[in-house]
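Hydrogens, waters and symmetry mates are skipped; everything else that's a heavy atom, side chains included, is used. Worth saying up front: this structure is predicted, and the values here are computed from it rather than measured.
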Amino acid sequence: MAEDSDLEKTEPASPRRLEQAREEGDVPRSRELATCTILLAAGSGLWIFGDGMMAELRRMLSSSLAFDRAQAFDTELLLARLAAQLGDILIAFAPVALLLIVVALASPALIGGWLFSTKALMPDFGKLNPLSGLGNMVSSRAAVELGKAIAKTILVGSVAWMVISYQIDAVLALGVEPLQSGGAHLGHLLLVSFMSIVAALVLIAFIDAPYQMWQYANKLKMTRQDVRQEAKESDGNPEIKAKIRAQQREMARRRMMSEVPTADVVVTNPTHYAVALKYADGAMRAPTVVAKGADEVAARIRAIASENNVPLLEAPALARALHRHAELGDEIPEALYTAVAEVLAYVFQLRAYGKHGGARPEAPGELDVPPQLDPNNPAAQQAEPGRTQ
């Protein structure tokens, strides 16, 4: 059952999946929305620029019917006159044409955004497969498109019938109107009818656009297996990443161990923790932790320190506090300055004893470690109840 659920497309498309779809030229599109916006732009353009266009067309028609005898028998003059009139026609229709071009270019931004993909231009011979074509004809998408076409036909036809029925008297009255006023009235009736029918398409576009968005999102849904596979491809295989992290930890441990011989002292617990400290007077503001570890790592630090004659000092409370509150490569906390100063003073006395002899210095006894810094102290455990030792 778990395997079946992993193969069901229940997960929304990831950003990478959406980006891949865009690269392939696959974005949500609503033909109804595009058709509606272009028709609205055409009707609005005729409404705004219609009077000027009609006046320019009347002027051109009048001028084209008036010419002298020389132009009638001179082919070059007739062609030049025809070219000039064609230019005037283009200029007259230019405002509406420009408006349509702008709207046609801007309408894709309403849903899906602009997109240019060369992959969409590549030939796909799989689309020529007749079996695939028959499958598309009986698919749920084809059924939805058929339903949309029927609904659109019924809606547009009903609106057209109501508009014509409402204006039937005005249409019949055009026959008794003067030519000029009748022509203007006819143009007005046609424009009102056109915009009313286009208004019906607006309703269809408002329904189709969200549906296309939903269908697109549903088509790009992913299975849980797809999500896991994409995560592996994006972030890398978890097993490989674990091996890399293990190698990184091993390399860091080796670098840390190489610093132990340069330490001034190793503070121990004596068996659970080991912290190696280094201090260079004038070069460091405070002693620095060059190595630290617990259990097996601590044992390895103690062994390397013994092999390189680095002093070992048993100070359980200080070792625990340094291991908990001092990070590798960082200076020790200020609260431990006094205790570490006593340890370093003992180390420097040992060095003097090794060079010049005399009385062997005694190891420091109880060091001044603030109780709240010792993990085993009840005060520290109350301050950090979530931490266990």
Side-chain angles (χ1 to χ4, degrees), residues 1-41 102-152 155 200-245 248:
M1 295 297 292
E3 293 181 358
D4 293 339
S5 63
D6 286 349
L7 297 178
E8 294 179 0
K9 292 186 175 183
T10 58
E11 305 301 316
S14 64
R16 183 183 178 190
R17 178 75 178 92
L18 294 173
E19 185 62 27
Q20 288 177 342
R22 287 189 64 86
E23 292 176 356
E24 295 172 359
D26 186 8
V27 293
R29 285 285 185 256
S30 173
R31 288 181 293 180
E32 309 301 336
L33 180 61
T35 301
C36 178
T37 53
I38 291 175
L39 291 177
L40 282 175
V102 171
V103 172
L105 293 176
S107 59
L110 298 176
I111 175 173
W114 288 304
L115 176 67
F116 179 79
S117 174
T118 57
K119 292 184 179 180
L121 301 177
M122 300 298 293
D124 186 3
F125 296 102
K127 295 181 179 180
L128 300 179
N129 188 348
L131 296 179
S132 299
L134 291 175
N136 293 331
M137 291 177 62
V138 296
S139 64
S140 59
R141 181 180 179 86
V144 171
E145 293 297 328
L146 177 61
K148 284 167 48 181
I150 295 174
K152 183 166 59 174
L155 180 60
L201 296 178
V202 174
L203 177 61
I204 297 176
F206 272 113
I207 297 175
D208 184 65
Y211 169 75
Q212 294 297 336
M213 295 288 291
W214 172 84
Q215 186 183 55
Y216 179 78
N218 194 54
K219 180 180 68 173
L220 294 184
K221 277 186 175 180
M222 307 169 64
T223 65
R224 294 181 180 178
Q225 179 62 30
D226 292 336
V227 173
R228 288 194 290 266
Q229 184 63 30
E230 183 179 284
K232 287 182 179 180
E233 294 175 356
S234 301
D235 302 331
N237 192 309
E239 297 178 359
I240 297 177
K241 291 177 66 177
K243 292 181 179 179
I244 293 175
R245 286 195 294 268
Q248 290 174 340

Practice problem: With sequence neighbours left out, write down each residue that passes side chain to side chain contact (heavy atoms under 4.5 Å, CB included) with Leu203, or none if nothing qualifies. | Solution: Leu155, Ile207
Self-check item: Lys221: partners by salt bridge (Lys or Arg N to Asp or Glu O under 4.0 Å), with sequence neighbours left out
Solution: none
Quiz prompt | Pairing residues for Gln215 by the side chain to side chain donor-acceptor pair (under 3.5 Å) criterion, not counting sequence neighbours | solution = Arg141, Tyr211
Quiz item: Which heavy atom in Met222 sits nearest to a heavy atom in Ala13, and how many Å separate them?
Solution: SD-CA, 4.0 Å
Quiz item: Sequence neighbours excluded, which residues qualify as side chain to side chain contact (heavy atoms under 4.5 Å, CB included) partners of Thr37?
Solution: Leu33, Val103, Ser107, Leu110
Quiz item: Considering only heavy atoms from C-beta outward, does the side chain of Asp208 approach that of Arg31 to under 4.5 Å?
Solution: no
Quiz prompt | Which residues share a side chain to side chain contact (heavy atoms under 4.5 Å, CB included) with Val202, sequence neighbours left out | solution = Cys36, Leu40, Phe206
